[in-house]
Amino acid sequence: MTAEPPPTSVLTVRPARERIIVAADVSSLEEAIALVEAIPQVQWWKVGLELFTATGPIILDELKDRQKNVFLDLKLHDIPNTVGRAAAVVARYGVDLLSVHAMGGGTMLTAAAEAIAGTRCQLLAISVLTSHSGRQLARELHVSLELSDYALQLALLAREAGCAGAVCSGEEAASLRRVCGPDFVLVTPGIRPSGTASDDQRRILTPAAARRAGANFLVVGRPVTQAPDPAAAFAAMCYELNTYEGR
């Protein structure tokens, strides 16, 4: 668990395969390793609650041993002291990105940002989950703002607290990019290549549309990992994105 030196900016120019983060949404270490070995071209992997609960930090060591970048998507949300201490532990594993819920508030976000300062880990604040709709926010959570305005307010809160960026849907990326500035990292989940199912996510975009909106990184799961040929599906996404970017 030795901390690594801070990385160069994640905003540096990169090919498509270094912009696409593949979600390893499986429930065992064996499945995760098999998936990683089936798509060796993938540089960025997302480890979420399901896999981390199943394996603990072992999966982080396995990915780092293979020289992979890791987005640990735990969506931490607790009292500031607890989140800060948890973030400090995460940073010691050398992960590149860690998510926390912006709805935890400014004090919690600041505690997490301060806890990982000087490490390679960068903090991303979750704005509004892509499974949510504006109707749900209004009726179930009693959020009076429009969904896009609410996501923007959470992103601004995160920026002020010292977070490197935010996780947002492609639909909100353009406004966040415009208001939060060029150096604010935007990670967009819910990416679906043309012709694929939306599954349980409501606010989805194609890779090209998400990049056009200002996203730095694109998170994709089932369209790649559950494809008959995951490596071919990933290559097709890279081709689509490289074509858009003129490479």
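The figures here come from the full heavy-atom set of this structure, side chains too, leaving out hydrogens, waters and symmetry mates. Numbers here simply count residues along the sequence, with the first being 1.
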Any chance CD of Glu146 has more than 12 other-residue heavy atoms, nucleotides or ligands included, within less than 6.0 Å?
no

Backbone N/O of Val70 and side chain of Asp96: donor-acceptor pair under 3.5 Å:
yes

Heavy-atom pair with the smallest gap, counting every atom of Leu152 and Ser175:
CD1-O, 4.1 Å

Are side-chain N/O atoms of Ser28 and Glu31 paired as donor and acceptor at under 3.5 Å?
yes

For the backbone of Ala215 and the side chain of Arg211, can you confirm whether one donor and one acceptor N or O come within less than 3.5 Å of each other?
yes

Please check if any side-chain donor atom of Glu114 sits under 3.5 Å from a side-chain acceptor atom of Thr110, or the reverse.
no

Less than 4.0 angstrom from a charged side-chain N to a carboxylate O is my criterion; do Arg159 and Asp183 meet it?
no

Applying side-chain contact (heavy atoms from CB on, under 4.5 Å), run through Ile20 and Trp44 and close with a yes or a no.
CA-CA 7 Å; Ile20 300 172; Trp44 279 87; over 6 Å; no

Over all heavy atoms of both residues, which pair between Leu156 and Cys180 is shortest? Give the atoms and the distance, please.
CD2-SG, 4.0 Å

Lys46 vs Asp25 side-chain heavy atoms within contact, under 4.5 Å:
yes

Minimum heavy-atom separation for Ala102 to Leu154, with atom names?
CB-CB, 3.9 Å

Worked verdict on Gln122 versus Leu98 for side-chain contact (heavy atoms from CB on, under 4.5 Å)
CA-CA 6 Å; Gln122 299 195 58; Leu98 169 67; over 6 Å; no

Minimal heavy-atom distance between Phe184 and Cys163, with the atoms involved, is CE1-O, 3.8 Å

Hydrophobic clustering (ILVMFWY, side-chain heavy atoms < 4.5 Å, transitive) - are Ile39 and Tyr239 grouped together?
no

Atom pair CZ/CG of Arg92 and Leu60 - distance to nearest 0.5 Å
13.0 Å

Common cluster, Ile79/Leu157, ILVMFWY with side-chain heavy-atom separation under 4.5 Å
no

Any side-chain to backbone donor/acceptor pair from Ser99 onto Leu74? Under 3.5 Å, distance only.
yes

Output for pair (Cys238 SG, Glu18 CD), nearest 0.5 Å, gives 10.0 Å

Over all atoms of both residues, closest heavy-atom pair of Leu109 and His101:
CD2-O, 3.9 Å

Spell out, as yes or no, whether a donor-acceptor pair under 3.5 Å connects the side chain of Thr82 to the backbone of Asp78.
no

Quick one: do Leu97 and Asp73 satisfy side-chain contact (heavy atoms from CB on, under 4.5 Å)? Show the steps, please.
CA-CA 8 Å; Leu97 299 170; Asp73 188 22; over 6 Å; no

Under 4.0 Å between a side-chain nitrogen and a carboxylate oxygen: does that hold for Glu37 and Arg66?
yes

Apply side-chain contact (heavy atoms from CB on, under 4.5 Å) to Val26 and Glu50, showing your working.
CA-CA 7 Å; Val26 293; Glu50 179 183 6; 5.6 Å; no

Is Thr55 reaching over with its side chain to a backbone N or O of Ile58, donor-acceptor style, under 3.5 angstrom?
no

Do Asp61 and Lys64 come within less than 4.5 Å of each other through their side chains, counting heavy atoms only?
no

Side chains of Arg17 and Val42 in contact at under 4.5 Å (non-hydrogen atoms)
no

Going by heavy atoms in the side chains, are Val187 and Val219 under 4.5 Å from each other?
yes

Determine, stepwise, if the pair Phe71 / Trp45 fulfils ring-ring contact (aromatic ring centres under 6.0 Å, His included).
CA-CA 6 Å; Phe71 171 23; Trp45 288 94; over 10 Å; no

Between atom CD of Gln136 and atom CG of Leu129, what is the distance when rounded to the nearest 0.5 Å?
9.5 Å

In the structure I gave you, are the side-chain heavy atoms of Lys68 and Val36 within less than 4.5 Å of one another anywhere?
yes

Rounded distance [0.5 Å steps], CG in Leu29 versus CD1 in Ile59
5.5 Å

Can Arg177 and Asn216 be counted as having a side-chain donor-acceptor contact under 3.5 angstrom?
yes

Any non-hydrogen side-chain atom of Val47 less than 4.5 Å from a side-chain atom of Leu63?
yes

How long is the gap from CG on Leu147 to OG on Ser169, to the nearest 0.5 Å?
7.0 Å

Do Leu35 and Leu49 belong to the same hydrophobic cluster, where Ile, Leu, Val, Met, Phe, Trp and Tyr are linked whenever their side-chain heavy atoms lie under 4.5 Å apart, directly or via other members?
yes

Residue pair Gly214 / Leu186: nearest heavy atoms and the distance that separates them
O-CD1, 3.8 Å

Do the side chains of Leu218 and Ile21 get nearer than 4.5 Å, heavy atoms only?
no

So how far is it from Gln226 CD to Arg222 CZ, rounded to the nearest 0.5 Å?
6.5 Å

Flag side-chain contact, heavy atom, 4.5 Å: Leu123 against Ile116:
yes

